[in-house]
Amino acid sequence: MKKLVSFLAFVLLLGLLSGCAEDKEEAVEQEETTKQTLKIGAIPDQDVSVLSRSMGEVADYLSAETGLEVEYVPSVDYAALVTAFERGEIQLAWFGGLTGVQARNRVPDAEAIAQRPRDEEFHSVFIAQKELGLKSLSDIKGKSFTFGSESSTSGHLMPRYYLMEEGINAEQDFNGNPSYSGSHDKTYKLVESGAFQTGALNEAVWEAAVAEGKVDTSKVDVFYTTPAYYDYHWTINTLEGYDSGVKQKITDALLSMDSEQQTILDLFQTDKFIETKNENYEAIEKVAKQIGIIK
Amino acid sequence: MKQSLRFQQKNILTLLLVLVFLWSLRVIDWKEPLLHPGGGATFLQIIEAMLHPNLSPEILLLALDSAWVTLTYAVAGMTIAIVIAVIFGVLASGVIQNSQHPLSMLSKRFFRGLLGFLRAIHELVWALLFVSAFGLTPYSAILAIAIPYGGILGRIFADMLSDVKKEPIQSLQSTGASKWQLLFYGYFPLVRANMISYTMYRFECAVRSSAVMSFVGLGGLGYQIQLSLDDLNYEEVWTFVLFLMAIVIVIDGWSSGWRSRLSKGSSRFSMLSFLLSLSLVIGSWMYLYKVEHASFFTLFTDENGEYAKKFFLSLLGIGEETPTFFSAQSWIHTLQLTYDTLMMSIIAIGMATIVMLITVVPAARNVANGKLTMSRSFFSWVSFLLIRASYILSRAVPELIWAMMIIFIFQPGILPGAVALALHNFGILGKLCAEVIEDLDERPIRHLSSSGASHAQILLYGVLPSVLPKFLSFILYRWEVIMRTTIVVGFVGAGGLGQQFKLSMSYFHYSDITLIILCYLLLVWLADFLSELSRKAAK
């Protein structure tokens, strides 16, 4: 009996606690909505530490420019970011070509607003262990191979497309099935460490890795670069419940970055952001449909 | 005559299982190299890093923090699981229903079926589904733990309640106790010790499950392991793995202490343990409310309901021209993957069994101290400790994390998945089976040993015949568990249904998911059925 009483008391206590927490929660939320927190996100396509530094800086900059509270929300995989964007938990996101298309298919009123000049003509690189001596894309047959994330444009979609154009079936013509490493950085690290013989990744990440000496080019190097396609861009959500001018303010803030914001631009490996529009990514969508990623 | 037939039945079953294992090996293309060209080197890097984990203060602090998050989610998940288990367990046991009423039989069946469904799907699959439906809140992880664990605990509680000795209950009944009084004063006190001991065992498992929840983006030790693996920083990986091992070992020690005290009836330790678990529960929920600002009731907003509805409708393929599960071609493709997954589970349990059989004899305490074999040596203590340490390492690291490392070494496909599953399970099997040997009747084996039998001969003629039925039953039981977990190792690229599941989630092909889950449930039920059948034959 004593135990029963103490158990009931405990349940009551829990109920009270949850009650208190509930009230506080609501109070906090109300405060937040009056302040209008803007949440931004980015696909986790490279080292998490680098990404959180650059996105943190963007958040601070946007906050200063727009007067809103801006917060960076990290996410573990590409699909998680698209889902969060659809649910309105993220208002502004740095997407790749494919994730941007997926997101705008799920939120039809979302808009692609800005990109880097290089994103108009983006490339993927195919890398291989140097000792293999690969010369052209068709040499890749019979080697072990890794893509990046399955949702990546430059790490999966476009490499797979150009392999297909070359007549290479990714499921049959490699040594074993292709792997999905998860990120561009991991792809070159795995090829360098010897775990895989070849891989495909984003040209910008590769160039940065070479410039910063993160990769040993005497062990692994590029043997093929794909033709150009549209890739990374900022996409803005519908911003329901925000003041009407916010969307323009954010767009202007992104497009007006210059040498004063050099640290941010450096982290994005660019000197400015330029305009873009949803139609630029129709080719990506077509390829995604052809490969069966989008139905 | 009858006895020899039974004996034959056991041998035939063993032979059959060995044949099934050998046949399953055919799926792997042995002519192709199994390792990556650089797999060996990567393997050495991982092993080397194990010898000197990164013990810098900031990593240790980070590990401590993540360990707390992992523990919190596990405790919170178990709290809800216990509530589910007690309510549904009582209903499924039929002790409060009127046994004469025809409906009561039906309701008992219904709740048993419900518990079976809850436990059929692996917690990580629940987590992925909840994240899509509710978003990234700690409750996605907590509910994902609560549901399957509620199912498993509920089933065990129901079995315990219906196996209660009838005499005490009848005597209570004769004094005019009502159904509820019978439950609280008759049934519960009788099964309390067993319930606590099984719950503690499941709690240890829940900590491991909680660690892998990070895979879907919910924090904790697993998240840190994943980040370190992404940077190929194996020294950090081992630090976090050591923390996970430490939690598992502490809980293991605590629960076995509590269990032995419960059977002896020492109330002081039990009271202390009870208070400790209570404060863990309160502390965890407080942490969730205060620090993570996660209130349970904010889950049920209109907005969340809208998204959850949308998600479940797309699972059903509504609004799609031809949902995947109406296309014959998709069925063929998915059934092929289902077959691969089945083979993966058989290879996994086969490998785990082989390693267990090789190591189990020296791993038994009564072999190490020479009581069983009448030969004492320093060497047998060393091998005992080494093997027991490898068992702990093996089972403390969840399958998914083994798989994440192994995928760097083996070619993608079902073999790395099977190896990861085998690595996690040989430790569990080894521990369970070593305990069986420890409980053996020592006399026949001493006799063999004193007449000069070698280790192999002792194993073959002395140990194996008497422990075989129990071993078989443990192996079959682990096979059921492995079957549920095959889908999870697939998430990181180890092939089969899991890999397709992950890809379809990334591409938002939700009606594919429904088809994959259907096939997965089919496998799980098939495994349960076959294992039940074989266990009966082995008895």
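So you know, we letter chains A, B, ... as the sequences are listed, proteins then strands, and number each from 1.
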* Residue part contacting chain A, namely of B:K310, when any heavy atom lies under 4.5 Å -> side chain
* **Max heavy-atom pair count under 4.5 Å with chain B, selected residue of A:D185, A:V82, A:L98** => A:V82
* Which bit of A:Y180 is near chain B, if near means a heavy-atom gap under 4.5 Å: side chain, backbone, both or neither? -> side chain
* Under a 4.5 Å heavy-atom cut-off, does chain B meet the side chain of A:D77, its backbone, both or neither? -> side chain
* To do: Considering only heavy atoms and a distance below 4.5 Å, find which of B:Q45, B:K502, B:Q226 pairs most often with chain A.
  => B:K502
* What do you reckon, is CD of B:E58 surrounded by more than 12 foreign heavy atoms closer than 6.0 Å? -> yes
* Point-to-point distance, once rounded to the nearest 0.5 Å, from CD1 of B:I407 to CZ of A:F196 -> 6.5 Å
* A:E150 side, atom CD; B:M505 side, atom CE - distance, nearest 0.5 Å -> 11.5 Å
* Asked: If you measure from CZ on B:F508 to OG on A:S151, what distance do you get to the nearest 0.5 Å?
  -> 7.0 Å
* Structure fact -> Bottom line for B:Y223: the part with an atom under 4.5 Å from chain A's heavy atoms is side chain
* Return the minimal non-hydrogen interatomic distance between A:A79 and B:S506, and the atom names on each side. => CB-CA, 3.8 Å
* Proximity of residues 285-295 of chain A to chain B, residues having a non-hydrogen atom under 4.5 angstrom -> A:G292, A:I293, A:I294, A:K295
* Can you name the residues that form a salt bridge (charged side-chain N to carboxylate O under 4.0 Å, His left out) with B:K309, not counting sequence neighbours? -> none
* To do: Name, in order of residue number, those residues of residues 103-110 of chain A that have a heavy atom at a distance of less than 4.5 Å from a heavy atom in chain B; otherwise write 'none'.
  => A:R106
* With chain B as the partner chain, list the residues of residues 86-96 of chain A whose heavy atoms fall under 4.5 Å from it, by residue number, and write 'none' if nothing qualifies. => A:E86, A:R87, A:G88, A:E89
* Asked: Non-hydrogen atoms of chain A under 4.5 Å away: do they reach the side chain of B:Q499, the backbone, both or neither?
  -> side chain
* B:Q329 atom CD: more than 12 heavy-atom contacts under 6.0 Å -> no
